[in-house]
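In what follows, a single structure is set out as structure tokens and then discussed.
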Amino acid sequence: MHDIAAIRKDPAAYDKNWARRGLSVQTPAILKLDTDRRAVQTEMQDLQNQRNTKSKEIGAIKGKGGDATTLMNEVAAMKERMAELEQREATLAEALNQHLASLPNLLDDDAPDGKDENDNKEVRKVGTPKKLNSQTPEHFDIGEALGMMDFETAAKMSGSRFTLMHSGLARMERALAQFMLDTHTIEHGYTEVSPPLLVRDNALYGTGQLPKFAEDLFRTTSDHWLIPTAEVSLTNMVADSILDDDMLPRRYTAHTPCFRSEAGSAGKDTRGMIRQHQFYKVEMVSISHPEQSNEEHERMTQCAENILKKLELPFRTISLCSGDIGFGSRKTYDIEVWLPGQDRYREISSCSNCGDFQARRMKARFRKKGDKDTQFLHTLNGSGVAVGRALIAVMENYYDPSDGGVFVPAVLKPYMGGIEKLLPQGVSKAQRAVG
RNA sequence: GGACAGGUGGCCGAGUGGUUGAAGGCGCACGCCUGGAAAGUGUGUAUACGCCAAAAGUGUAUCGCGGGUUCGAAUCCCGCCCUGUCCGCCA
């Protein structure tokens, strides 16, 4: 949501910024609605004032046992006009809100300009991509050869874009999530949260998925929505609230399933578990003071990168360009992990500074100690990181072509009960526990 | 799912049609008192939007949400949501 007062003050700045996202000029229509609305509102409030005053007089007269018929008729005569004005005001306010709600966040000056993902800017590169002379199969081949990844059985019960894993891979997925949560809570100062996975309209409106992106979401028959990311649940923790500034920043993390309809991505990543209707993700959300959100954004990105560093996975961090950046974000870093099987980098995390965009939509404010006025908070979210894709990355980067096995990364060993390497099933237990 | 009871300001809690944005209490802030503190005492203490160049000021709305009745609604009527308790079912 946008600050209508700020748009009034400097409409050109908004149009100029939106143009970077490829939008046409928006503010004339907005300002027209705003001006009309306020004119109607002023007239309406004036009539309300008259009504209230006269009604009080009527009360006073009747209290003394007098006759107030004349005044009562006067007020009654105003009713039609008032109803009309109320109706118009509501219509205009609705139109204005709809217009504003459908417009994306303003971009940070720092976000590079560009048309699509090809114009994203690389910020840094960490680790050396393994070139295995195309000896590394893709994760689904590795997983099926291990006998631990089963797309057919998943499809039998759920259709496409679902995966079933068992044994070592199932455990490794769990180990990854545990490792990430422990790192964020113990080392990075995030508070672990176990949030609802089903939410109502207003929560998704707050984070910006609604009203524009309903088709990307799953909806239940009880009119709940399945969260597409824990960003929704975690950010909405501060909806409709006023925090004290000494409580900032607040940092939350959660490990949750995420559900996405993937409407519009037909044909993309159809094999394997890169793009699923359901996947696990460890999410980080920061609730920040406006002046600290840029710094917090860098910090959060570091936290996500730290997970990959500990897993010793090569990655690069890119700053998304104006044409690729998400609706609610003013600046986004994507972290892409190296996948030897695909011989390319793939997104494994996305860290966004949403500024006050979501905070306005969900009325999340703070107050400086002693101050009377409230201000909108800044909200940030980032994957820390996508668990399914992290598993894929481990499988391909830790693949051993000599036996088709997958080594367990050092940091995961404590979570794997002594297993050092996943080996194709059918191999003896003694071998599987090799150490 | 069934039955009952409820949803009022940061919190507790009064209020069943008329100067009620809302008594009283607690909490909080500031002042007085004190050597200092406690106690006591005084004042203040919601949010959003409009008008105004702005401050001051002033207006409007908000007592779960939406609609209705009325000159006037926290109070009456209808619908919805939520919470609590008991019963049923159940991971």
Side-chain angles (χ1 to χ4, degrees), chain A residues 1-10 30-101 194-206 210 219-226 233 236-248 256-257 356 359-377:
Chain A
M1 185 49 72
H2 296 282
D3 183 357
I4 185 65
I7 295 176
R8 250 178 247 151
K9 210 174 278 175
D10 191 1
I30 294 170
L31 292 177
K32 174 86 168 69
L33 283 169
D34 178 52
T35 310
D36 291 354
R37 202 205 108 244
R38 279 185 297 154
V40 173
Q41 186 188 18
T42 304
E43 190 182 344
M44 177 183 79
Q45 290 189 348
D46 182 54
L47 284 181
Q48 285 172 332
N49 184 13
Q50 289 179 39
R51 178 201 61 193
N52 290 347
T53 311
K54 287 182 177 171
S55 290
K56 278 181 186 172
E57 281 176 41
I58 293 169
I61 291 169
K62 285 200 162 182
K64 291 181 200 148
D67 176 24
T69 316
T70 318
L71 270 177
M72 283 168 70
N73 288 339
E74 271 178 49
V75 180
M78 293 163 57
K79 287 191 99 177
E80 199 180 322
R81 179 65 180 155
M82 284 183 68
E84 189 188 314
L85 287 170
E86 267 172 50
Q87 181 59 247
R88 277 195 62 202
E89 201 275 340
T91 307
L92 287 167
E94 170 71 12
L96 181 61
N97 279 338
Q98 270 189 18
H99 198 144
L100 288 175
S194 175
L197 309 178
L198 298 177
V199 298
R200 283 205 280 252
D201 294 6
N202 61 333
L204 286 154
Y205 176 83
L210 291 181
R219 189 172 203 175
T220 71
T221 52
S222 60
D223 280 346
H224 286 99
W225 303 83
L226 280 71
S233 312
N236 272 284
M237 286 169 68
V238 295
D240 286 310
S241 58
I242 301 172
L243 307 180
D244 289 331
D245 66 336
D246 58 11
M247 301 164 88
L248 302 174
T256 70
D356 65 5
R360 283 181 184 283
R361 293 170 82 104
M362 62 176 73
K363 297 184 176 57
R365 292 149 295 172
F366 74 99
R367 193 193 334 256
K368 227 189 198 157
K369 264 263 180 333
D371 272 17
K372 199 172 149 57
D373 290 343
T374 59
Q375 270 187 72
F376 287 106
L377 291 157

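Note that this is a predicted model, so its numbers are computed, not measured.
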Can you tell which of [options] lies closest to the side chain of [X]?
X	options	answer
A:R365	B:rC49, B:rU47, B:rU19	B:rU47
A:N49	B:rC71, B:rU19, B:rG59	B:rG59
A:Q45	B:rU70, B:rG18, B:rG59	B:rG59
A:T42	B:rG59, B:rC71, B:rC51	B:rC51
A:R200	B:rC81, B:rC51, B:rC71	B:rC81
A:A76	B:rC71, B:rC81, B:rG59	B:rC71
A:R37	B:rC49, B:rA61, B:rC71	B:rC49
A:N52	B:rG50, B:rC81, B:rA61	B:rA61

Rounded distance (Å) that lies between atom [atom2] of [N] and atom [atom1] of [X]:
X	N	atom1	atom2	result
A:Q48	B:rC71	CD	P	17 Å
A:N97	B:rC49	CG	P	12 Å
A:L71	B:rU70	CG	P	18 Å
A:K363	B:rC65	NZ	C1'	14 Å
A:Q41	B:rA61	CD	C1'	9 Å
A:N202	B:rG66	CG	P	13 Å
A:R51	B:rG59	CZ	P	15 Å
A:R8	B:rA54	CZ	P	11 Å

I want to confirm an ordering. Mapping A:K54 and A:G59 to their closest nucleotides on RNA chain B, which one lands closer to the 5' end? A:G59
Between A:D46 and A:A60, which has a closest nucleotide on RNA chain B that is more 5'? A:A60
RNA chain B: stems of at least 3 consecutive Watson-Crick or G-U pairs, cut-off 3.5 Å? B:1-7 with B:81-87, B:10-12 with B:24-26, B:27-32 with B:40-45, B:46-51 with B:57-62, B:64-68 with B:76-80
Cationic N near anionic O, under 4.0 Å, A:D356 to A:R365: no
Using only side-chain N and O atoms of A:K56, determine if any of them is under 4.0 Å from OP1 or OP2 of B:rA73. no
Steps toward side-chain contact (heavy atoms from CB on, under 4.5 Å) verdict (A:L377, A:L243): CA-CA 9 Å; A:L377 291 157; A:L243 307 180; 3.9 Å; yes
Taking A:R361 for its side chain and A:Y205 for its backbone only, find out whether a donor-acceptor pair lies under 3.5 Å. yes
With A:R81, which of A:E84, A:M78, A:K79 fulfils side chain to side chain contact (heavy atoms under 4.5 Å, CB included)? A:E84
With rounding to whole Å, what would you report as the distance between [N] and [M] at their [atom1] atoms?
N	M	atom1	value
B:rA53	B:rG42	C1'	38 Å
B:rG18	B:rC77	P	16 Å
B:rC63	B:rG68	P	15 Å

By the 4.0 Å heavy-atom rule, please label A:I58 as base, sugar-phosphate, or nothing. base
Pair A:E43-A:R88, side-chain contact (heavy atoms from CB on, under 4.5 Å): steps then yes or no: CA-CA 11 Å; A:E43 190 182 344; A:R88 277 195 62 202; over 6 Å; no
Salt bridge (Lys or Arg N to Asp or Glu O under 4.0 Å) partner of A:D3, the single match among A:K9, A:R8, A:R360: A:R360
